[in-house]
Amino acid sequence: MITFKIRSATRGLLLLLLLSPAVDANNAELSSESFTTSDLQNQIDPIEIKPLQAGELSFTVLEKPAMTAFTKGTVILVPDWSQHAASPRMINVLRQQLVDYGWNTIAMMVPEQLTETTAETLLTYQTALLTRLQAVMKSAENNTGSIIVVAQGSSGALINQLYQTGQLTAPEGLILLSAYLPDKALNQAVSLALAKHKVPTLDIQQQQDNSFVMASSQLRLQLVRKHIKEIYRQRLLPGSIDQPQNQQWVFNEVYGWLSYLGF
């Protein structure tokens, strides 16, 4: 009987929430991020979890200190807009392993994924992403050493454009993981921005990647040559980033490129 009453009350509460006009899209988005953050708090060592303030918004980052006698700097990890700060799609591998090679890592929660990609919604998302990344950069500047940004998917594509427009302070290096926007014309703009900004860039793509990523590979190389971007490396790796053996390959590429830059 008790179980039945609890279930009945739960159904009533859910029905009230569904019918209530107070539950709008913005509240749903905030709830989605808070649910994910709550899950991470149950899975991640509390010492790694840190709230940051971006304007009026508080969001979560995951921080790990370098586990070496000499610290090279801080790597900021920005997941795709469909992922989170401990994403199994490469972000968590880098977050965990780079600390053994002299890097602090800060993995950040990103704004909620867009349900539709228009010029207006992309600008709104990019502005929210900019505000958060500025807060993370400010936090990273408290550490010694260089700052490297690793950005994935559509988040990476939009951050790449922020460097081209000068809205973000340039780091010592930018690593893009399967960066794209879901539109042919938008992807062309991403490729042009990549060629025009001067941040040393490693552009990693996979053979089983998103079709928008693959479609822009050649154009990026052409525009980089045209605009004489000094430090750019494009790497096409086999398979998918979802496969563990390929994630280790990606990590090796990241570490090798950072070594090439002198870190």
Could you go through the side chain to side chain contact (heavy atoms under 4.5 Å, CB included) check for Arg225 and Leu221 one step at a time? CA-CA 6 Å; Arg225 287 194 294 267; Leu221 289 171; 4.0 Å; yes
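- With sequence neighbours excluded, the residues satisfying salt bridge (Lys or Arg N to Asp or Glu O under 4.0 Å) with Asp203 are Arg220.
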Quick one: side chains of residues 99-106, donor-acceptor pairs under 3.5 Å with protein atoms, not counting sequence neighbours, listed by atom name and distance.
| from | atom 1 | to | atom 2 | distance (Å) |
| --- | --- | --- | --- | --- |
| Asn104 | OD1 | Ala66 | N | 2.9 |
| Asn104 | ND2 | Gly73 | O | 3.4 |
| Asn104 | ND2 | Thr74 | OG1 | 3.3 |
| Thr105 | OG1 | Arg95 | O | 3.1 |

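- The stretch residues 159-171 participates, sequence neighbours left out, in no salt bridge (Lys or Arg N to Asp or Glu O under 4.0 Å) pair at all.
- A donor-acceptor contact shorter than 3.5 Å links the side chain of Asn246 to the backbone of Ser240.
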Test side chain to side chain contact (heavy atoms under 4.5 Å, CB included) applied to Leu133 and Leu162, step by step: CA-CA 11 Å; Leu133 190 51; Leu162 289 171; 5.7 Å; no
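- The main-chain N or O of Trp81 is never found under 3.5 Å from a side-chain atom of Ser154 such that the two would form a donor-acceptor pair.
- A donor-acceptor contact shorter than 3.5 Å links the side chain of Thr127 to the backbone of Leu123.
- Formation of a donor-acceptor pair under 3.5 Å by the Glu172 side chain with backbone atoms of Ile147 is found in this model.
- Heavy atoms from other residues, nucleotides or ligands lying under 6.0 Å from CD of Gln245 number more than 12.
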Would you sort out whether Met90 and Ser178 count as a side chain to side chain contact (heavy atoms under 4.5 Å, CB included), showing the intermediate values? CA-CA 11 Å; Met90 198 65 229; Ser178 303; over 6 Å; no
Decide side chain to side chain contact (heavy atoms under 4.5 Å, CB included) for Val75 and Ile175; before the verdict, give the C-alpha distance in whole Å, the side-chain angles of both, and the deciding distance to 0.1 Å. CA-CA 10 Å; Val75 174; Ile175 299 171; over 6 Å; no
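- Checked against salt bridge (Lys or Arg N to Asp or Glu O under 4.0 Å), Lys64 has the following partners two or more places apart in sequence or in another chain: Glu48.
- In terms of the ring pair (Phe, Tyr, Trp, His ring centres under 6.0 Å) criterion, Phe212 has no residue partners (sequence neighbours excluded).
- When atom types are taken as modelled, the side chain of Ser58 and the backbone of Gln53 share no donor-acceptor pair closer than 3.5 angstrom.
- Under the 3.5 Å distance criterion, the side-chain polar atoms of Gln83 are left unmatched by any main-chain donor or acceptor of Asp80.
- Residue pairs satisfying the salt bridge (Lys or Arg N to Asp or Glu O under 4.0 Å) criterion with at least one member in residues 125-150, sequence neighbours excluded, are listed as follows: Glu33-Arg132.
- For Arg233, the salt bridge (Lys or Arg N to Asp or Glu O under 4.0 Å) criterion is met by no residue, not counting sequence neighbours.
- Without hydrogens or angle criteria, Gln164 side chain to Lys196 main chain gives no donor-acceptor distance under 3.5 Å.
- Considering only residues two or more places apart in sequence or on other chains, Phe59 meets the ring pair (Phe, Tyr, Trp, His ring centres under 6.0 Å) condition with none of them.
- Grouping the Ile, Leu, Val, Met, Phe, Trp and Tyr side chains by contacts below 4.5 angstrom, directly or via other members, places Leu202 apart from Leu176.
- The side chain to side chain contact (heavy atoms under 4.5 Å, CB included) check on Thr131 picks up Ala54, with sequence neighbours excluded.
- Side chain of His227 to main chain of Lys229: no donor-acceptor pair is present (N/O by atom type, distance under 3.5 Å, no hydrogens or angles).
- Applying the salt bridge (Lys or Arg N to Asp or Glu O under 4.0 Å) test to pairs two or more places apart or on separate chains, those with a residue in residues 246-259 are Arg235-Glu253.
- In this structure, the side chain of Asp209 engages the main chain of Gln206 through a donor-acceptor pair within 3.5 Å.
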Gln167 vs Thr165, test: side chain to side chain donor-acceptor pair (under 3.5 Å). Steps then yes/no. CA-CA 6 Å; Gln167 296 178 71; Thr165 57; 2.8 Å; yes
Run Ser155 and Tyr125 through side chain to side chain donor-acceptor pair (under 3.5 Å) and show every step you take. CA-CA 9 Å; Ser155 297; Tyr125 180 91; 3.1 Å; yes
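- With sequence neighbours excluded, no residue satisfies salt bridge (Lys or Arg N to Asp or Glu O under 4.0 Å) with Lys198.
- In this structure, Gln126 contributes its side chain and Gln161 its backbone to no donor-acceptor pair below 3.5 Å.
- Applying the salt bridge (Lys or Arg N to Asp or Glu O under 4.0 Å) definition to pairs two or more places apart or across chains, none involves residues 143-161.
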